[in-house]
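Just below is one structure, and these are the notes that go with it.
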Amino acid sequence: MATAVLLRLAPLPPHPSPRAPSSPRPALLLPLGRQRSRAAGAIRAAGDGLADQTTVYTGVYGPWSVDVADVREVLLYRAGLVTAAASFLVASSGAFLPAGNPTGDAVRQGADLLYAAGAAGLGLSLVLIHIYVTPIKRFLQALWALGVLGSVGTYALAAQPLDEGLVRYVLEHPGAMWFVGPTFAALTGLVFKEGLCYGKLEAGILTFVIPILLLGHLSGLMDDGAKLGLLGVWMALFTVFAARKFQQPIKDDIGDKSVFMFNALPEEEKKALLQKLEAPTEQKLE
């Protein structure tokens with residue numbers, strides 16, 4: 001079936017001969033480079049045409065271009081964000097639906113599963129996020145892992161013995177935010193990075209809304225009305241944030257790929273590349 005698809009994608013000659021055409025060359029026998037090129041085209045289409053492998057960008061450490069693996073990583077990164085946003089949106093909607101409402105009751109009963117799905121989506125995005133300073137990326141990942149461990153521990157040791165779900169337990173016992181909070185701290189770091197790098201207003205506002213709401217709940221200084229208001233703002237902005245990710249070019253989420261390529265080199269190759277890059281500058285100075 002893959003062969004048939006590749007054959008259909010093969011360009012037709014501009015001036016077909018009136019004679020019976022010869023048997024086309026099987027697509028599976030095409031040179032490997034051409035097969036990869038077509039596979040890349042299929043993945044670019046999945047990325048809404050936002051990536052162009054023919055474009056060569058000038059990076060700090062040399063030229064680079066978007067390849068198939070880059071497109072796949074960016075799409076998975078964005079899929080993780082959409083999963084986190086959708087799970088949070090559905091779970092949070094339970095706070096606005098009255099008791100006895102079938103939809104609200106179903107959402108509240110499935111809140112823990114939605115929380116787990118959202119945390120998994122966030123974890124995927126934190127694995128694939130492109131941040132030049134590796135220790136910052138590792139710190140966000142460590143916060144996420146700490147929050148996941150804290151969530152599991154809180155559920156197993158505190159919520160389950162009371163026959164309660166994790167989400168309900170945290171709502172009724174604000175002190176539990178100390179254990180699940182690192183997950184949301186990791187989310188705050190991610191949206192801060194997005195707001196800083198791309199100037200996204202919704203991401204910048206989320207950077208303040210998330211900690212204010214969680215700290216208000218933890219401290220007990222915020223009444224339910226204020227918390228519901230901030231929760232609604234969080235839901236709206238998170239939805240806009242996730243949706244707008246798919247309006248960005250693929251290369252934006254990659255950043256300067258030459259930096260990551262340079263960081264992956266052995267130390268000796270890094271030194272050699274730096275000497276090569278500095279040589280033209282020294283010649284100009286002379």
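Not measured: the values here are computed from a predicted model.
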- prompt: Per the side-chain contact (heavy atoms from CB on, under 4.5 Å) rule, which among Ile205, Leu196, Leu81, Leu206 passes with Val191?
  reply: Leu206
query: Okay, side chain of Thr58, backbone of Pro63: is any donor-acceptor separation there less than 3.5 Å?
result: no
- request: Return yes if some donor-acceptor pair links the side-chain N/O of Trp64 with the main-chain N/O of Val259 below 3.5 Å, else return no.
  value: no
task: Indicate if Leu89 and Leu122 have the same hydrophobic cluster label, given that clusters are the connected sets of ILVMFWY residues with side-chain heavy-atom separations under 4.5 angstrom.
output: yes
field: Heavy-atom side-chain contact between Met222 and Ile212 under 4.5 Å
entry: yes
- prompt: CE of Met177 to CG of Leu215: how many Å apart, nearest 0.5 Å?
  reply: 8.0 Å
Taking only distance into account, with no hydrogens and no angle test, what donor-acceptor pairs under 3.5 Å do side-chain atoms of residues 223-237 form with protein atoms, sequence neighbours excluded?
residue	atom	partner	partner atom	Å
Asp223	OD1	Gly225	N	3.2
Asp223	OD1	Ala226	N	2.7
Lys227	NZ	His217	ND1	3.1

task: Give the minimum heavy-atom separation between Ala242 and Phe246, together with the two atoms involved.
output: O-CD1, 3.8 Å
task: Kindly give the heavy-atom pair with the smallest separation between Gly62 and Ser258, and that separation in Å.
output: O-CB, 3.6 Å
message: Measuring from atom OG1 of Thr83 to atom CG of Leu114, what distance do you get when rounded to the nearest 0.5 angstrom?
response: 11.5 Å
- request: Please lay out, stage by stage, how Val66 and Thr55 fare under the test side chain to side chain contact (heavy atoms under 4.5 Å, CB included).
  value: CA-CA 8 Å; Val66 178; Thr55 301; over 6 Å; no
- prompt: More than 12 foreign heavy atoms under 6.0 Å from OH of Tyr169: is that the case here?
  reply: yes
query: Any side-chain heavy atom of Val60 sitting closer than 4.5 Å to one from Phe262?
result: no
- prompt: Just by distance, do the side chain of Lys200 and the backbone of Phe241 share a donor-acceptor pair under 3.5 Å?
  reply: no
message: Checking the side chain of Tyr115 only, and the main-chain atoms of Ser151 only, is there a donor and an acceptor separated by less than 3.5 Å?
response: no
task: Evaluate whether atom CZ of Phe192 has more than 12 neighbouring non-hydrogen atoms of other residues, nucleotides or ligands under 6.0 angstrom away.
output: no
- request: Report the C-alpha distance between Gln248 and Glu194 in whole Å, list the side-chain angles of each, state the deciding distance to 0.1 Å, and finish with yes or no for side chain to side chain contact (heavy atoms under 4.5 Å, CB included).
  value: CA-CA 12 Å; Gln248 287 184 255; Glu194 290 279 339; 4.1 Å; yes
- prompt: So, do Val107 and Val90 sit near enough that their side-chain heavy atoms are less than 4.5 Å apart?
  reply: yes
field: Flag, side chain of Arg108 to backbone of Leu97, donor-acceptor distance under 3.5 Å
entry: yes
message: Are Glu164 and His173 packed together at the side-chain level, in the sense that at least one heavy-atom pair is separated by less than 4.5 angstrom?
response: yes
query: Does the side chain of Met261 come within less than 4.5 Å of Leu265's, by heavy atoms?
result: no
- prompt: Are the side chain of Asp112 and the backbone N or O of Leu166 linked by a donor-acceptor pair below 3.5 Å?
  reply: yes
field: Trp144 side, atom CH2; Leu190 side, atom CG - distance, nearest 0.5 Å
entry: 13.0 Å
Any Ile250 side-chain heavy atom under 4.5 Å of Arg78 side chain: yes
- line: In short, Ala176 meets Val170 closest at the heavy-atom pair CB-CG2, 4.0 Å
- prompt: Side-chain contact, heavy-atom cut-off 4.5 Å: Phe179 with Leu149?
  reply: no
- prompt: If only atom types and distance count, is the side chain of Lys137 paired as donor or acceptor with the main-chain N or O of Leu126 below 3.5 Å?
  reply: no
field: Residues Glu268, Lys271: salt bridge by 4.0 Å N-O rule
entry: no
query: Can Tyr132 be reached from Leu277 by stepping across I, L, V, M, F, W or Y side chains whose heavy atoms are under 4.5 Å apart?
result: yes
query: Under 3.5 Å, side chain of Tyr61 to main-chain N/O of Lys270, donor-acceptor pair present?
result: no
task: To the nearest 0.5 angstrom, please state how far the OG atom of Ser125 sits from the CG atom of Leu140.
output: 12.0 Å
- prompt: What distance separates Thr188 OG1 from Phe208 CZ, expressed to the nearest 0.5 Å?
  reply: 11.0 Å
- line: In this structure, NE2 of His130 is separated from NZ of Lys257 (nearest 0.5 Å) by 9.0 Å
Same apolar cluster: Ile129 and Val127, side chain cutoff 4.5 Å: yes
message: Would you say that Tyr198 contacts Asp253 through its side chain, given a criterion of any heavy-atom pair below 4.5 Å between the two side chains?
response: yes
